[in-house]
Structure formats: C-alpha cells, structure tokens
2 protein chains.
Amino acid sequence: MVKYSQAQYDASFGALSDATRRGVLEQLGRADASITALAERFHMTLAGMQKHVGILERAGLVITEKVGRVRTCRLGKRALEEEAAWIESYRQLWATRFDELDIVVEEMKRKEKADGRN
Amino acid sequence: MVKYSQAQYDASFGALSDATRRGVLEQLGRADASITALAERFHMTLAGMQKHVGILERAGLVITEKVGRVRTCRLGKRALEEEAAWIESYRQLWATRFDELDIVVEEMKRKEKADGRN
DNA sequence: GCTATACTTTACCATTCGGTTTAGTATTGC
DNA sequence: GCAATACTAAACCGAATGGTAAAGTATAGC
C-alpha cells in the first residue's frame with residue numbers, strides 16, 4: 001500500500017488535520033494570496049498564519065514567492081494524488097474486509113441453524 | 001466544500017497523519033486484532049498502542065470490544081468516505097486553478113508578442 | 001486459590017502544535 | 001528621508017503527541 005515515503009504521508013495528512021490549513025488550501029484554489037491577506041481572512045496574527053503556510057509548504061501543498069515586501073502563496077504542484085490513492089486503497093481494503101465479515105456472519109447463521117437441528 | 005463537521009476532518013486526517021496508525025488500519029483490514037497483538041507487531045508498549053487505538057476510535061475509524069480480558073479491535077463503520085470526498089473536491093479545485101493559470105500564461109505570451117510588435 | 005495474561009490508569013518525559021507578543025528588517029510611497 | 005507596510009525571528013504559553021514505566025484490576029487456566 002505504501003506509495004511513497006511515510007514522512008510524506010505524515011506531513012500531508014498532518015497538514016490537512018487543521019481546519020485553518022484546509023481553509024487556506026480552498027482559498028488558494030480560488031486565488032493566490034499574501035500572508036497578510038490570509039491572516040486577516042482567518043482572523044489570526046501574521047506570525048500565526050506564517051506557521052500554517054510553513055506547514056503547508058513543507059508538505060509540498062503550497063509554494064510561496066517573495067516579491068518586494070510581499071510573499072505570495074499559491075497552490076503547489078502536488079494535488080494530493082498519493083493521499084487520494086492511499087485513501088482509495090484503504091477504502092478497497094475496508095470493503096473487502098466487510099465482505100469477509102459478511103461471509104463470517106452468514107457462516108455463523110448457517111451453523112446456528114444446523115445446531116438448532118441437533 | 002464542507003461536507004461534515006470540521007472537527008471530524010481534524011480527527012480523521014489527524015489519525016491518518018501517523019505511520020503507526022495507518023499501519024494499524026491496514027492490519028485491521030486484514031484481520032481483527034487485540035491490543036497486545038498490535039503492540040507487538042508495531043514494537044511498542046501496550047499503553048502506547050492503546051493511545052493510538054484510542055485516537056483511531058475517536059476518529060470513528062476503529063471500534064473495539066472487550067470480551068473477557070481481551071479487547072478486540074476492528075475497522076469501524078466509516079470508510080473515509082468524507083475524507084476521500086474532500087480530497088477529490090480539492091483535486092478538482094486544484095485542476096481548475098491550474099487551468100486558470102494556464103490561461104493567464106497564454107494571455108501573457110499573447111501580450112508579449114503584441115508588445116514586441118510595437 | 002494461585003499465577004500468568006491482558007488490559008487500564010496514572011504519572012512522567014521530550015517534542016510539536018497552534019497561537020500570541022515583541023522586536024527587528026526590508027520595501028514602498030509620499 | 002521618514003512613516004507605514006509586510007514580513008521575519010524569537011521567545012513564550014498552554015495543550016496535545018508519541019512514547020515510556022510502574023502499579024493496579026480483572027480474567028483465564030491449571
């Protein structure tokens with residue numbers, strides 16, 4: 001199931017585990033934005049937003065570029081392909097597992113009936 | 001884009017942000033397991049594994065049941081539907097955004113040519 | 001009934017997280 | 001050149017993480 005490094009999954013799922021950061025991603029999906037703009041939109045200090053952007057950047061989900069005194073944030077090259085693949089792979093495993101359990105349940109019902117006849 | 005509570009996304013993406021917990025999910029996809037079995041398989045103390053299982057349980061990804069002195073862990077009812085949906089939705093946004101940027105780049109190229117003619 | 005097993009609880013530890021404040025640096029605009 | 005703007009860096013804070021060890025409880029098996 002491992003598609004790429006565990007550390008990458010750690011970083012990207014970790015990045016997604018915070019509502020503010022998910023919001024920033026959605027926002028950047030609509031338009032690039034400066035750190036100040038993002039900080040205002042999410043009601044937090046500049047320094048606070050900087051940390052969130054740093055986490056998104058380290059996860060490869062966002063890239064930033066400083067021009068003059070403004071650092072502009074935009075979506076990175078990675079569109080969560082591997083994360084989507086991991087989840088899909090898990091969902092498949094999950095479905096298979098539940099099919100197995102269904103079989104077990106069926107088996108149990110069958111046995112119960114048989115026991116009832118003894 | 002919000003499909004259900006932010007806290008739910010926080011919990012499940014947070015649960016997925018650790019390699020041990022992802023491993024536990026994959027393991028439980030193959031067979032149910034006791035806390036002790038999981039602790040051994042992932043080379044950690046019982047108490048340590050108990051915390052991981054607790055996090056997975058709170059995220060709704062795992063359910064446990066104690067019979068006698070053994071607590072058995074199995075996959076929960078939720079198969080990361082909403083998380084998969086969030087990521088897919090984001091991937092769509094991402095693709096759209098990059099199409100927009102392509103248009104901007106095209107526009108710039110067009111203008112450059114026009115400027116070159118002046 | 002005694003022992004081993006399986007878990008639970010608690011306390012502890014270092015690190016990270018999500019946030020702040022404060023003080024600094026670099027740019028812009030008048 | 002000077003004030004405002006935009007970020008950067010650092011220190012600090014309380015809470016959560018990821019792990020441990022140690023002591024307690026409950027159950028299984030002889």
Side-chain angles (χ1 to χ4, degrees), chain A residues 5-28 31-74 76 83, chain B residues 5-28 31-74 76 83:
Chain A
S5 105
Q6 293 293 346
Q8 255 300 329
Y9 286 115
D10 288 4
S12 41
F13 283 129
L16 294 182
S17 74
D18 179 271
T20 300
R21 287 192 296 264
R22 289 192 301 275
V24 167
L25 286 181
E26 290 178 19
Q27 178 58 39
L28 295 181
D32 296 348
S34 68
I35 308 272
T36 299
L38 291 173
E40 279 172 6
R41 186 158 198 300
F42 293 92
H43 315 104
M44 93 179 38
T45 58
L46 207 52
M49 180 51 71
Q50 232 175 340
K51 287 193 186 180
H52 283 305
V53 169
I55 290 170
L56 288 167
E57 216 173 351
R58 258 170 275 138
L61 301 176
V62 159
I63 55 177
T64 71
E65 189 194 3
K66 192 164 185 177
V67 175
R69 63 187 169 182
V70 178
R71 179 173 296 276
T72 299
C73 308
R74 58 175 55 88
E83 292 74 14
Chain B
S5 106
Q6 293 294 344
Q8 255 302 328
Y9 287 116
D10 287 4
S12 41
F13 283 129
L16 293 182
S17 74
D18 179 272
T20 299
R21 287 191 297 262
R22 288 192 302 275
V24 168
L25 287 181
E26 291 179 18
Q27 179 58 38
L28 295 181
D32 296 349
S34 68
I35 309 270
T36 298
L38 291 173
E40 278 172 7
R41 186 160 198 300
F42 292 94
H43 313 103
M44 101 180 26
T45 59
L46 206 54
M49 180 52 70
Q50 232 175 342
K51 285 192 187 179
H52 283 304
V53 169
I55 289 171
L56 287 167
E57 216 173 350
R58 259 170 275 137
L61 301 176
V62 160
I63 55 176
T64 72
E65 188 194 3
K66 191 164 184 176
V67 175
R69 62 186 170 181
V70 177
R71 179 172 294 278
T72 299
C73 309
R74 59 176 52 90
E83 293 74 11

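Side chains included, hydrogens not; waters and symmetry mates left out as well; all remaining heavy atoms used. Every chain is numbered from 1, with letters handed out A, B, ... down the list of sequences.
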Between [N] atom [atom2] and [X] atom [atom1], what is the distance in whole Å?
{"X": "A:Arg22", "N": "C:dG18", "atom1": "CZ", "atom2": "P", "answer": "11 Å"}
{"X": "A:Glu65", "N": "C:dT27", "atom1": "CD", "atom2": "C1'", "answer": "16 Å"}
{"X": "B:Asp10", "N": "C:dG18", "atom1": "CG", "atom2": "C1'", "answer": "12 Å"}

What pairs of nitrogen or oxygen atoms, one from the protein and one from nucleotides 14-16 of chain C, lie under 3.5 Å apart?
none

Show me, pair by pair, the donor-acceptor contacts under 3.5 angstrom made by side chains of residues 59-66 of chain B, not counting sequence neighbours?
{"residue": "B:Thr64", "atom": "OG1", "partner": "B:Glu57", "partner atom": "OE2", "Å": "3.0"}
{"residue": "B:Thr64", "atom": "OG1", "partner": "B:Arg71", "partner atom": "NH1", "Å": "2.9"}
{"residue": "B:Glu65", "atom": "OE1", "partner": "B:Arg74", "partner atom": "NH1", "Å": "3.4"}

Nearest 0.5 Å, what's the CG-CD distance between B:Leu16 and B:Glu83? 7.0 Å

Might you point out which heavy atoms bring B:Leu28 and B:Ala33 nearest each other, and give the distance in Å? CD2-N, 3.7 Å

Salt bridge (Lys or Arg N to Asp or Glu O under 4.0 Å) partners of B:Arg22, counting only residues at least two apart: A:Asp10

Pairs flagged by salt bridge (charged side-chain N to carboxylate O under 4.0 Å, His left out) wherever residues 40-51 of chain B is involved - sequence neighbours left out: none

Would you list the atom pairs, donor with acceptor, under 3.5 Å between side chains in residues 42-50 of chain B and any protein atom, with sequence neighbours excluded?
{"residue": "B:Thr45", "atom": "OG1", "partner": "B:Gly48", "partner atom": "N", "Å": "3.1"}

Could you write nucleotides 9-30 of chain D as a row of B, S and -, 5' to 3', where a protein heavy atom under 4.0 Å of any base atom gives B, of only sugar-phosphate atoms gives S, and otherwise -? B--------BBBB-----BS--

Using modelled atom types and a 3.5 Å cut-off, is there a donor and acceptor pairing between side-chain atoms of B:Arg58 and backbone atoms of B:Ala15? no

Contacts of A:Arg69 meeting side chain to side chain contact (heavy atoms under 4.5 Å, CB included) (sequence neighbours excluded), chain-then-number -> none

